[in-house]
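This report refers to the structure that appears directly beneath it.
All heavy atoms count here, side chains included; hydrogens, waters and symmetry mates do not. As the structure lists them, so they are numbered: ligands from 1, and atoms in each ligand from 1. This is a predicted model, so every value here is computed, not measured.
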Amino acid sequence: MAATLRNLREDPVFVVPPFQLGVASGDPAADGFVIWTRLAPEPLRSGGGMPMVPILVKWEVAADEGFRTIVAKGDAIAHPELAHSVHVEVAGLQPDRPYWYRFQCGKERSLAGRSLTLPLPGARKDRVRFAVAGCQHYEEGHYTAWRKIAEEPVDFVFHYGDYIYEGRATGPGPRLMNGRIFSPLRQHVGDEIYSIDDYRRRYALYKSDADLQAAHAAAPWFVSFDDHEVDNNWASDIDQDGTPAEIFRYRRAAAMQAYYEHMPLRRSSMPMDGHMQMYRRAAFGDLMDAYFLDTRQYRSDQAQGDIDAPINAEVLSPHRTLMGDRQEAWLFGGLARGTARWQLIAQQVMLMQLAQHREGLAAPHYSMDQWSGYLASRGRLLDHIADRRLTNVLTVSGDAHRHFAGDVLRNGGEGPAVTSEYLATSITSGADGTGDGDAYHQSVSGNACLKAMTDRRGYLLCDVNRDSWRGDLKILDSVMRPDGQLSTFASFVSERGRPGLQRV
Ligand code: FE
Ligand code: CA
């Protein structure tokens with residue numbers, strides 16, 4: 001392939017090392033995974049400080065941390081069209097074991113990353129551990145949680161979205177956040193982002209963080225986007241401001257291209273005709289099937305103008321959808337046929353239907369951006385799980401900037417648990433939070449399905465064994481200091497065949 005490019009630069013010389021944004025791996029399979037990097041000696045400059053020509057990059061994968069046994073290597077091209085990002089789909093590796101990878105360009109070499117292959121489909125597997133995290137507003141705290149995740153013995157990370165936030169630099173503050181005085185820890189660069197160069201610079205800013213780079217280098221990730229990778233609470237080709245769809249699509253296309261450029265995704269997820277294939281499945285031997293959903297691209301517009309509101313006919317309409325018909329059929333078919341001991345649904349927004357009771361309000365209010373705003377979709381999913389007696393399904397999500405753990409009940413609270421949900425808190429969004437007891441906390445604390453909730457930063461850790469599934473809600477005492485202390489807010493266990501969270 002290299003020989004066919006007339007303008008390829010094969011031996012570039014760099015004044016500043018080009019691997020400023022780290023390395024990453026993702027979407028592992030039994031025979032390999034994607035390895036990623038982007039050449040950007042000056043990440044915040046247009047073009048990342050790169051010459052505008054395609055550049056040859058060498059990569060290698062080793063069976064050991066010291067790179068004594070190289071098991072795969074090759075050349076890749078960093079194209080200026082893709083911001084000099086590199087996505088290599090490594091194949092031909094052994095199942096269910098760690099590997100190490102690194103890149104070289106000219107005389108420059110990247111740091112090494114560690115990845116893992118999945119077990120062969122159906123092969124016996126006794127344990128899988130993973131972290132769930134997302135919502136990492138750059139201005140609102142240190143990425144200490146990513147540093148802690150990098151130190152955890154996990155097989156993979158699921159990123160539920162809000163990898164970047166699209167807003168402008170807010171200024172040094174102070175301002176009010178959740179009723180408390182807040183001064184941003186650090187600043188976005190520039191105004192709200194619209195163009196491909198804006199989005200690239202925003203990813204470059206976020207990815208310059210050493211703690212985030214450490215988490216990427218430590219384990220393979222399955223990434224998914226939520227709203228802020230494009231625009232707050234977007235839905236299909238509709239934004240929150242009423243922009244005509246044919247105009248919003250330009251912004252969405254720029255956002256999706258930059259997202260692809262900066263994530264360890266397979267070519268099958270490359271944006272085409274304004275869409276990205278993001279819902280996908282992974283099999284962890286006979287232990288767990290994971291379904292990674294996309295609840296943004298195919299959803300109907302939020303009901304009732306997307307403000308918290310009581311349930312009405314629009315919320316219940318069977319003509320509105322959160323997943324789209326094709327994704328829903330794909331998920332339902334997979335769940336029904338699944339033979340693994342556990343099935344994981346990993347997605348973006350809360351599946352529990354949390355009623356908010358506020359003084360002076362006659363009827364409880366619900367979020368219109370979460371599954372509670374799409375009750376026909378939610379009902380179909382829960383009916384599918386319950387009617388087929390799938391008693392081995394767990395769900396994880398995010399978006400709400402606090403930890404929630406609870407059981408998922410049908411029809412807003414009837415009957416036994418159909419499945420359970422761990423909604424992982426944010427890495428930084430919301431800064432140090434309010435802990436337990438602010439107005440929102442009070443308004444939802446009466447929901448019978450809810451078993452734990454706290455407004456602190458952190459992540460979720462899952463430890464899946466053959467008969468039990470443990471979830472630890474990890475929290476930091478502060479993300480406004482660089483040395484935040486990690487602790488476990490609450491832990492739960494689910495027994496296979498008995499849906500529901502039991503506190504441990
Ligand atoms: Fe968020
Ligand atoms: Ca979100």
Answer key: the N, O or S atom of D162 nearest to the Fe ion (ligand 1) is OD2
Please state whether the separation between the Fe ion (ligand 1) and some N/O/S atom of Y165 is under 2.8 Å? yes
For the residue pair H401 and Y165, does the interplanar ring angle fall in the parallel (under 30°), tilted (30 to 60°) or perpendicular (over 60°) class? perpendicular
The Fe ion (ligand 1) and C135: any N/O/S contact shorter than 2.8 Å? yes
Anything protein N/O/S under 3.0 Å from the Ca ion (ligand 2)? Just list residue and atom, please. D162 OD2, D226 OD2, D227 OD1, D399 OD1
Crowded around E246 CD? As in, over 12 foreign heavy atoms under 6.0 Å? yes
Can an N, O or S atom be found in H401 less than 2.8 Å away from the Fe ion (ligand 1)? yes
Aromatic rings F404 and Y440: how do their planes relate, parallel, tilted or perpendicular, breaks at 30° and 60°? perpendicular
Within 6.0 Å of CG in L111, more than 12 heavy atoms from elsewhere: no
So, F222 versus F130, ring centres under 6.0 angstrom or not? no
Heavy atoms from other residues, nucleotides or ligands near CG of D325 exceed 12 (cutoff 6.0 Å): no
Quick one: sort the W221 and H216 rings into parallel, tilted or perpendicular, breaks at 30° and 60°. parallel
